[in-house]
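This report concerns only the one structure given below.
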Amino acid sequence: MKDHDAIKLFIGQIPRNLDEKDLRPLFEEFGKIYELTVLKDRFTGMHKGCAFLTYCTRESSLKAQNALHEQKTLPGMNRPIQVKPADSESRGEDRKLFVGMLNKQQSEDDVRCLFESFGSIEECTILRGPDGNSKGCAFVKYSSHAEAQAAISALHGSQTMPGASSSLVVKFADTDKERTIRRMQQMAGQMGIFNPMALQFGAYGAYAQVQQQQAALMASVGQGGYLSPMAAFAAAQMQHMATINGLPGGHMTPTSGGSTPPGIGAPTVTSIPSPISVNGFAGMPPHQANGQPNAEAVYTNGIHPYPGKPSQTTHPPTTSIQHNTHSAYPAAYGQISQAFPQPPPIIPQQQREGPEGCNLFIYHLPQEFGDGELMQMFLPFGNVISSKVFVDRATNQSKCFGFVSFDNPGSAQAAIQSMNGFQIGMKRLKVQLKRPKDANRPY
DNA sequence: GTTGAGCGTT
């Protein structure tokens with residue numbers, strides 16, 4: 001075993017013809033070796049002329065470092081051997097902690113008090129915004145990894161500061177690499193790089209797929225059985241379709257100042273869910289050359305007839321799902337991959353609001369709706385750059401209102417036209433432009 | 001319950 005505070009060493013300038021067993025004798029005189037690994041090229045497997053070495057004790061590492069680093073040149077090399085803490089070790093990152101969920105009133109001294117019993121603190125900084133206000137987090141650097149680890153064990157989650165929303169967070173600070181990634185993400189967010197497809201392809205896609213299948217099956221609406229949010233919504237749409245087609249049954253009706261939800265006029269209702277809906281792309285309108293959504297294809301819940309597709313047969317549910325899953329997916333994916341030759345990078349949704357006139361306030365959402373369902377509901381009208389259902393922090397329950405932001409005002413207007421007053425269950429959606437923060441002009 | 005809180009990485 002190795003000590004918990006042993007140091008991983010980077011060994012450089014070693015001849016490429018030496019492998020682990022050749023190197024061991026060289027290093028063993030300073031102590032027992034815990035691990036020695038020659039670095040090899042990931043692809044070719046070629047010896048890279050360096051290695052990682054971990055002794056069982058910190059003391060051995062230090063001895064080896066002092067005795068060898070830059071001290072001798074191995075046969076065949078023109079530079080002296082390097083023996084130094086690996087990058088992962090002594091950049092400070094392994095003994096530097098990120099502390100979150102602090103009270104914003106807590107000062108450096110307060111934090112020191114909290115952390116000093118676990119080791120000697122080399123550095124303690126509260127993170128502050130430009131205005132000097134604490135961001136509620138800090139960095140604490142100990143003189144050793146072990147001390148830092150001890151602080152994590154003792155303090156992480158141990159208490160909740162007054163005014164903080166959850167318990168104290170104590171963890172190792174980001175490494176350089178992690179920080180770079182974080183920066184890039186922030187930048188991407190600021191530049192408004194957001195691709196709704198990312199969500200489609202991400203975890204939500206699979207979820208939506210199931211939802212859509214359930215919707216297509218139209219299980220017992222309003223009969224007491226639980227319907228998942230999207231299923232309820234999609235089923236509602238279908239009932240709506242039935243209504244406007246003069247078929248019995250729907251209590252979903254369009255209203256709202258004479259505007260009608262899109263999809264009206266789709267003449268045929270069959271039981272075949274569209275390939276797109278089955279794969280979680282329901283509501284993703286075909287985009288035309290002008291980049292505007294094809295409103296006619298929207299909100300048919302996959303019952304928009306496919307011209308040139310002769311099969312209007314009614315399949316039993318299971319069959320239709322399998323049928324679509326297997327045969328139709330490539331077609332849907334083909335469309336997508338044309339639009340995005342490179343798979344789009346998954347960039348976390350960071351941009352909250354769109355430009356003026358692009359942000360909608362939506363009220364009377366079904367209780368079950370989350371961000372994902374909200375986005376699904378509005379995707380047909382354009383590029384949704386964010387969707388947010390307001391949630392009560394205490395109960396985690398939706399407050400039944402939320403926000404959707406588009407990248408252009410036209411989409412927002414189209415969404416208002418179509419969705420304001422749209423009835424779901426006993427409620428009608430209220431869809432309007434979000435009040436600007438500097439709310440001088442009321443809408 | 002009616003207009004984007006918050007978990008924050010120098």
Side-chain angles (χ1 to χ4, degrees), chain A residues 91-106 108 111 122-141 148 152 156-157 160-161 163-187 189 194 348-367 369-371 374-375 378 384-406 412 416 420 427-443:
Chain A
R91 273 253 253 328
E93 263 121 6
D94 71 321
R95 51 201 175 92
K96 184 164 187 171
L97 300 177
F98 174 82
V99 183
M101 287 291 99
L102 289 168
N103 175 325
K104 290 191 168 48
Q105 272 69 254
Q106 285 175 296
E108 266 83 358
V111 175
E122 279 186 15
E123 189 186 307
C124 173
T125 321
I126 301 275
L127 275 73
R128 297 176 187 282
D131 51 1
N133 290 332
S134 166
K135 292 189 184 175
C137 49
F139 291 114
V140 173
K141 191 197 264 183
I152 292 177
H156 179 68
T160 300
M161 297 302 169
S165 61
S166 69
S167 63
L168 192 67
V169 171
V170 183
K171 56 207 244 195
F172 287 112
D174 278 358
T175 61
D176 278 353
K177 203 176 285 177
E178 288 163 328
R179 198 155 59 233
T180 306
I181 292 171
R182 196 183 290 273
R183 287 239 182 80
M184 285 168 64
Q185 288 179 342
Q186 271 171 4
M187 269 188 163
F194 171 76
Q349 185 174 331
Q350 224 146 0
Q351 181 176 336
R352 297 268 76 149
E353 296 192 30
E356 170 109 26
C358 301
N359 306 300
L360 300 180
F361 171 70
I362 297 116
Y363 196 59
H364 296 313
L365 286 168
Q367 176 75 49
F369 264 44
D371 297 351
L374 187 59
M375 172 173 281
F378 284 87
V384 174
I385 60 177
S386 74
S387 65
K388 186 90 217 144
V389 171
F390 218 107
V391 166
D392 187 304
R393 275 214 100 235
T395 65
N396 246 346
Q397 293 268 305
S398 162
K399 292 196 166 183
C400 298
F401 70 93
F403 303 88
V404 168
S405 297
F406 289 100
I416 293 174
N420 187 33
K427 302 195 290 190
R428 293 181 195 283
L429 289 184
K430 176 167 168 177
V431 181
Q432 47 189 218
L433 284 178
K434 180 179 114 61
R435 271 204 300 259
K437 274 196 264 302
D438 47 88
N440 278 348
R441 59 220 134 150
Y443 282 94

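In what follows, chains carry the letters A, B, and so on, assigned in the order in which the sequence lines appear, proteins first and then strands, with residues in each chain numbered from 1. Only heavy atoms go into these numbers, but all of them, side chains included; no hydrogens, no water, no symmetry mates.
Atom NZ in K430(A) sits roughly 13 Å away from atom P in dG1(B) (whole-Å rounding). When the C1' atom of dT2(B) is taken as reference, atom CG of L374(A) falls 15 Å away, rounded to whole Å. In this entry the distance linking CZ of F369(A) with C1' of dT2(B) reads 18 Å, nearest Å. Atom CD in Q105(A) sits roughly 18 Å away from atom P in dG8(B) (whole-Å rounding). Put simply, CE on M375(A) is 18 Å from P on dG4(B), counting in whole angstrom units. Protein atom OH of Y363(A) is 11 Å distant from nucleotide atom C1' of dT3(B), rounded to whole Å. Put simply, CD on Q106(A) is 18 Å from P on dG8(B), counting in whole angstrom units. Atom CG in N133(A) sits about 15 Å away from atom C1' in dA5(B), given to the nearest Å.
You'll find that the side chain of F401(A) is closest to dT3(B), out of dG4(B), dT3(B), dC7(B). Of the candidate nucleotides dG8(B), dG4(B), dT3(B), dG4(B) has the atom nearest to the side chain of E353(A). Comparing dT9(B), dG8(B), dG4(B) against the side chain of D174(A) picks out dT9(B) as the nearest. Checking dG8(B), dG4(B), dT9(B) against the side-chain heavy atoms of F390(A) singles out dG4(B) as nearest. The nucleotide whose nearest atom lies closest to any side-chain atom of M101(A) is, among dG4(B), dC7(B), dG1(B), dC7(B).
For K399(A) and dT3(B), a side-chain-to-base donor-acceptor distance below 3.5 Å is absent, hydrogens and geometry of angles not being considered. On a pure distance criterion of 3.5 Å, a polar donor-acceptor pair joins the side chain of S405(A) and the base of dG4(B).
In terms of the side chain to side chain donor-acceptor pair (under 3.5 Å) criterion, residue partners of E178(A) (sequence neighbours excluded) are, by chain and number, T175(A). Contacts of F361(A) classified as ring pair (Phe, Tyr, Trp, His ring centres under 6.0 Å), with partners at least two apart in sequence or in another chain: F401(A), F403(A).
As judged by a 4.0 angstrom heavy-atom cut-off over every strand, S166(A) is placed among the base-contacting residues. Residue contacts for S398(A): at a heavy-atom cut-off of 4.0 Å it reaches a base atom on one of the strands shown. Using a 4.0 Å heavy-atom cutoff across all strands shown, S165(A) reaches sugar-phosphate atoms only and no base atom. As judged by a 4.0 angstrom heavy-atom cut-off over every strand, V391(A) is placed among the base-contacting residues. Q397(A) comes within 4.0 angstrom of nothing in the nucleic acid, heavy atoms only.
Contact annotation: R179(A) does not reach the phosphate of dT9(B) (side-chain N/O to OP1 or OP2, under 4.0 Å).
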Full working for side chain to side chain contact (heavy atoms under 4.5 Å, CB included) between I362(A) and K430(A): CA-CA 5 Å; I362(A) 297 116; K430(A) 176 167 168 177; over 6 Å; no
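At least one side-chain heavy atom of L168(A) sits under 4.5 Å from a side-chain heavy atom of M161(A). Residues V404(A) and N359(A) fail the side-chain proximity criterion, which asks for heavy atoms closer than 4.5 Å. Two residues are said to be in side-chain contact when any heavy atoms from C-beta on lie closer than 4.5 Å; F139(A) and F98(A) meet this criterion.
The separation of dG1(B) from dA5(B), taken at their C1' atoms, amounts to 16 Å, rounded to a whole angstrom.
When the nearest nucleotides of DNA chain B are assigned to D392(A) and A173(A) by heavy-atom distance, the more 5′-ward of the two goes with D392(A).
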